[in-house]
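Okay, structure first, notes after.
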Amino acid sequence: MDYASARKRVVLRRLSFPGLFPVADIPWTADGGTLSLSASASVKAQASWTHKGGGISSGDVVRLSCEFDDGREREEVPLATLKCYYGETGERGGLSSCDVEAYGLAKIAADARYWQPYSVRAGTEALDAVADVLGSVGLTLAYRPDESHPVRTSKTYFPEDFSKLDIANDLLSGAGYLSADTDELGRVVLRRSAPTPSWAPVELAPGPRSTIEDESAVERDWAGICNVVIGVVDGPDETVMRAVAVNDSPADPTSTVARGEVCRVERLNDIESQDVLQAKVAALLSEERSRLEAVRVRCAFAPLRLFGPVAVRKGSADGVYTVQSMEIDLRTMAMDVRARRYL
């Protein structure tokens, strides 16, 4: 599919919730709008547009997609599944209109709390507890990893301190996972930190059919990069777990070989085992090394995902990066992408 030159049509569907089955197609009446996705946000997807006419009510769950037709083939690409909230309403051009703010379905869990303290006993499978907490607000896991992660110590979450998303994320952190997120189909996805692969299915580079604009920037922040990460977990009966990850690569100018030790100490909570703690500090060291380089580019639409790989070959940027944020113009489907290397 030639996304850059294809004809584009935004497709908006109202879905049942829970279940996420299509209920109705809603005509796309907006002149534009934006869809923003950020790996650093607790609710990672957010969109805004001005909707003219009926078909959407505040609180509806919708799926935003784009249909591409390049004359040879037609493809509908789902972009995000969102919950809608009304902003300002009025009348424009003889039609009722409203400013819609929509968020990824993780917001449903972020807005909800248990009315009484929620307790998790020691030995409980953390991922089962996560599925239970998120399932209480109608969210389902896209995939439940076939792993055992028993909670080390009993804990209680008070409603004044923890939303349901906070509870799920705390349990996931203890099991070595990143915070919960929902994918473009509205399902909860569980992710671990991982190095950026050496190959990416999408490449953004100059050329006869280039989809990348001349404006691009490479960011480098080497001064504060740590090359040793020490993780500490206080356990029951004054026991302590520790793990260390070290960047001692002779080829890396920020390693202990080149710079000496630059240490970072992290106190972590309820990490279930030494193996999980070691994986956690390794992920933190990978985050430190990812500060070596980030790249920002503007391009035509490409089928990218948060946390997914993209090859960028533009100016001094030459390699495979991990997507950290995207902003999509819903009128043109042009994208602003920020990505970093995770080594």
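- A salt bridge is absent between D69 and R9: the closest approach of a Lys/Arg side-chain nitrogen to an acidic carboxylate oxygen does not fall below 4.0 angstrom.
- The two residues V120 and V151 have their closest heavy-atom pair at CG1-CG2, 4.0 Å.
- Side-chain atoms of R63 and L185, non-hydrogen and from C-beta on, do get closer than 4.5 Å to each other.
- By the 6.0 Å and 45° rule, K107 stacks over the aromatic ring of Y85.
- When the options Y157, Y118, Y114 are evaluated for a ring pair (Phe, Tyr, Trp, His ring centres under 6.0 Å) with F162, the one that passes is Y157.
- Here the closest non-hydrogen pair linking R242 and V232 is CG-CG2, 4.2 Å.
- R121 CZ: 12 or fewer foreign heavy atoms inside a 6.0 Å radius.
- In this structure a side-chain-to-backbone donor-acceptor pair under 3.5 Å is missing from K52 to T50.
- You'll find the side chain of I230 reaches within 4.5 Å of the side chain of V265, heavy atoms only.
- Contact annotation: the side chain of K83 never approaches that of Y103 to less than 4.5 Å [non-hydrogen atoms, C-beta and beyond].
- By the 4.5 Å heavy-atom criterion applied to side chains, L20 and L105 are counted as neighbours.
- Other residues, nucleotides and ligands contribute only 12 or fewer heavy atoms inside 6.0 Å of the CD atom of E261.
- At least one side-chain heavy atom of I225 sits under 4.5 Å from a side-chain heavy atom of R259.
- Using cut-offs of 30° and 60° on the angle between ring planes, the pair W28 and W49 is tilted.
- Counting heavy atoms from C-beta on, the side chains of R72 and D2 come closer than 4.5 Å.
- Within 6.0 Å of CZ in R74 there are 12 or fewer heavy atoms belonging to other residues, nucleotides or ligands.
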message: One pair to check against side-chain contact (heavy atoms from CB on, under 4.5 Å): V188 and V130. What are the steps and the verdict?
response: CA-CA 10 Å; V188 177; V130 168; 5.9 Å; no
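- Hydrophobic clustering of Ile, Leu, Val, Met, Phe, Trp and Tyr side chains at less than 4.5 Å, counting indirect connections, keeps V61 apart from L165.
- Within a 6.0 Å radius of CZ in R192, other residues, nucleotides and ligands contribute more than 12 heavy atoms.
- Judged by distance alone, with hydrogens and angles left aside, the side-chain atoms of D248 form no donor-acceptor pair with the main-chain N or O of V257 at under 3.5 Å.
- With a 4.5 Å cut-off on side-chain heavy atoms, V100 and V62 do not count as touching.
- Closest approach of S179 and L172 over heavy atoms only: C-CD1, 4.3 Å.
- You'll find the side chain of S163 reaches within 4.5 Å of the side chain of R113, heavy atoms only.
- A cation-pi arrangement is absent between R340 and Y321 under the rule of less than 6.0 angstrom and at most 45 degrees off the ring axis.
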